[in-house]
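What follows is one structure encoded as structure tokens, with my remarks underneath.
The chain is numbered in sequence order, starting from 1.
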Amino acid sequence: MKRKQFLALAAGAASLPLIAACGGSTGGATSTAAAVEGEIEPRTISWLLSRPANGAVIEIMTALAEEYAADHEGFSLELITTPDRPSYIQKYETLAAANELPELFDTDATPFAAKLNAAERMVDVEDLLTQLGVLEDFRPAALDYQRFDDGSLRMIPLEFGVEVFWYNKALFAAAGVEVPTTLDEMVPLCEALAASGVTPIAVGGADAWPLERYVAYQPFRIAGPDYITDLKRGDAAFADEPGEASAAWLAELGEVGAFQQGFSSVGYADAQALFTSGKAAIYNMGTWELPNLATTELPAEMHEQIGFFTLPAADGSVTGADEFVAPSGIGVAVNAQTYDPLVRDFLRFALERYPEEYAKSGLLGPTSIDPVIPDNALPIYQEAIDVAAELGEATLMPWDTQLDPSTNSRLQQELVLLVQGDITAEEFLTTMDDTLAKNAPKYFED
């Protein structure tokens, strides 16, 4: 999608008359809908989502819905799918503005979702999971990723993973470099790798979010998670120390050729192939790619060469080495306006069965059930899984889930220009602060 088209979509959604009741408390809804009582009357319920059709989440939930329907004649789960995320966001926000959201809908803890929360449009998931007796089964990190800034929980996590930097040991050795201990060390590291004739870092720039991860790293180490919380509200600036350090660091990475030529048009799969084929030395990606990165599906010449390291520190880091990106994916919100005994009972059934079924996929899940390691796993598979058990308390929230759509879209565009050297760090900061000043009031001022 071209820049003007994307910006138009995002701006259009942001300008919609969100909810008539938006002027309520910013402390979040206090819905007691989880305690709904009454007879279960089977019907079709709908789920608005944008997930891979052949992914574990959809396959498992579809199978569970069919099992539930076998004992509840007349029940069915309708999936309202949208293939790409920008189109999904537009559809979700348009339906919300028209008060037409279905029983279940996917959302991150975005500023838009916070408006829905303030208007009591979302069921209190902490209350729901507690009443269903499954709250303690969930990983704290998986739940925390779904929380709003005030701590309220309105989304059910169905996934979980940790993000690490996969690297090629042979390419590191050939370039005479070692795993970086600080973010600043990544600049000379990438310079040496580039000089050795390989791409230092493979990134899927066409998907936007992989590159956007990098802008969050310096701020998280320098100021912790509070910086993005303040930034999106307009209570902090891109030009403040954390943002300034990030812009300077990204500009330096661009100067030394850290990312592959034409990175902005390279897709997810092609970026991964660049790494697995041994043409790139580093690939920043989550454990949801373990089947491709840590099993015999990996090219044979990479079996002994693949390693990983977690997010390096920074000078004066306020977050620990065990604190980095650990996402539980887009969560499932429950529409408080359509919540009834049937929705509650189906969720009870699904959430009791889902963890064990998801574990069979071999991936880390949102609960404490250990994944089933596949027979073709390399030793590094278990090593990556074990990282999740050592996570600290602070969570690096990806900025694409935190900023409003218009600011996020502009950020993604400006990041490419910054890394390519088409704009300076100072120009980047000025543009982003101007953009934020225009957009934050739409979400954070009554």
Side-chain angles (χ1 to χ4, degrees), residues 34 51 55-58 60-61 64 104 106-109 113 122-164 213 216 220 224-225 285-291 294 308 310-311 319-334 347-374 377 380-398 401-402:
R51 300 173 187 259
V57 173
I58 287 183
I60 293 170
M61 288 296 286
L64 291 176
L104 307 174
D106 282 0
T107 184
D108 290 301
M122 307 163 83
V123 167
D124 183 338
V125 163
E126 192 140 25
D127 181 21
L128 172 62
L129 297 180
T130 298
Q131 291 202 24
L132 297 182
V134 298
L135 181 67
E136 298 302 318
D137 296 338
F138 282 82
R139 298 175 188 271
L143 296 176
D144 289 346
Y145 183 83
Q146 304 295 336
R147 294 184 188 277
F148 288 107
D149 296 341
D150 63 4
S152 60
L153 181 64
R154 301 294 184 263
M155 282 79 72
I156 303 168
L158 294 180
E159 303 172 85
F160 184 70
V162 294
E163 294 184 15
V164 300
R213 286 290 195 269
F220 182 70
M285 190 52 59
T287 51
W288 55 86
E289 285 295 343
L290 281 172
F308 69 83
T310 55
L311 183 67
T319 52
D322 58 354
E323 295 170 329
F324 38 84
V325 190
S328 50
I330 193 166
V332 181
V334 184
L347 289 174
R348 173 199 59 75
F349 174 82
L351 293 177
E352 286 178 355
R353 296 283 308 283
Y354 182 86
E356 184 176 352
E357 294 302 314
Y358 191 83
K360 295 176 184 177
S361 72
L363 300 175
L364 282 166
T367 71
S368 57
I369 294 181
D370 292 331
V372 178
I373 307 299
I380 199 170
Y381 197 114
Q382 184 65 59
E383 294 173 25
I385 291 292
D386 291 343
V387 171
E390 306 297 330
L391 286 172
E393 293 185 5
T395 299
L396 194 167
M397 295 298 292
T401 70
Q402 298 299 293

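Residues Phe324 and Leu391 form a side-chain contact, since some pair of their non-hydrogen atoms from C-beta on lies under 4.5 Å apart. When side chains are defined from C-beta on, Leu396 does not count as touching Glu323, because their heavy atoms never get closer than 4.5 Å. Two residues are said to be in side-chain contact when any heavy atoms from C-beta on lie closer than 4.5 Å; Thr395 and Pro225 fail this criterion. Counting only heavy atoms from C-beta outward, the side chains of Glu159 and Pro366 never approach each other to under 4.5 Å. Using a 4.5 Å heavy-atom cutoff, the side chains of Thr107 and Val332 are not in contact. Considering only heavy atoms from C-beta on, Pro355 stays 4.5 Å or farther from Asp137 through its side chain. Side-chain contact check for Phe148 versus Met155: some heavy-atom pair is nearer than 4.5 Å. Using a 4.5 Å heavy-atom cutoff, the side chains of Val325 and Leu311 are not in contact.
In this structure, CZ on Arg353 lies 5.5 Å from CG on Leu64, to the nearest 0.5 angstrom. Considering CG of Leu129 and CG of Leu153, their distance stands at 6.5 Å, rounded to 0.5 Å. A distance of 7.0 Å separates CG of Leu351 from CE of Met61, quoted to the nearest 0.5 Å. In this structure, CE in Met397 is found 8.5 Å from CG in Asp149, a value given to the nearest 0.5 Å. Annotation: the span from Glu383 atom CD to Leu290 atom CG amounts to 11.0 Å, rounded to 0.5 Å. A distance of 8.0 Å separates CD in Glu390 from CG in Asp322, rounded to the nearest 0.5 Å.
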Problem - Arg51/Ile330 under side-chain contact (heavy atoms from CB on, under 4.5 Å): CA gap, chis, key distance, verdict - result: CA-CA 9 Å; Arg51 300 173 187 259; Ile330 193 166; 3.6 Å; yes
Practice task
Could you please spell out the steps behind the side-chain contact (heavy atoms from CB on, under 4.5 Å) verdict for Val164 and Thr287?
Solution key: CA-CA 8 Å; Val164 300; Thr287 51; 5.6 Å; no
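In terms of heavy-atom proximity, Leu158 sits nearest to Tyr358 at O-CE1, 3.9 Å. The heavy-atom pair separating Asp108 from Ala113 by the smallest distance is O-CB, 3.4 Å. Looking at every heavy atom in both residues, Gly224 comes nearest to Thr319 through CA-CG2, 3.8 Å. Across all non-hydrogen atoms, the minimal contact from Phe160 to Ala326 is CE1-O, 3.6 Å. In plain terms, the two heavy atoms of Trp288 and Pro291 that are nearest each other are O-CD, 3.7 Å.
Using a cut-off of 4.0 Å between Lys/Arg side-chain N and Asp/Glu carboxylate O, Glu126 and Arg154 are scored as not salt-bridged.
Remark: of the listed residues Thr367, Leu364, Ile369, Leu364 is the sole one forming a side-chain contact (heavy atoms from CB on, under 4.5 Å) with Arg139.
For Arg213, the side chain to side chain donor-acceptor pair (under 3.5 Å) partners at least two apart in sequence or on another chain are Glu163, Asp400. Contacts of Gln382 classified as side chain to side chain donor-acceptor pair (under 3.5 Å), with partners at least two apart in sequence or in another chain: Asp386.
The 12-atom threshold is not exceeded at CD of Glu356, counting heavy atoms of other residues, nucleotides or ligands nearer than 6.0 Å.
Without hydrogens or angle criteria, Tyr381 side chain to Ile373 main chain gives no donor-acceptor distance under 3.5 Å. With hydrogens and angles ignored, the 3.5 Å screen pairs no side-chain donor or acceptor of Ser328 with any backbone N or O of Tyr145.
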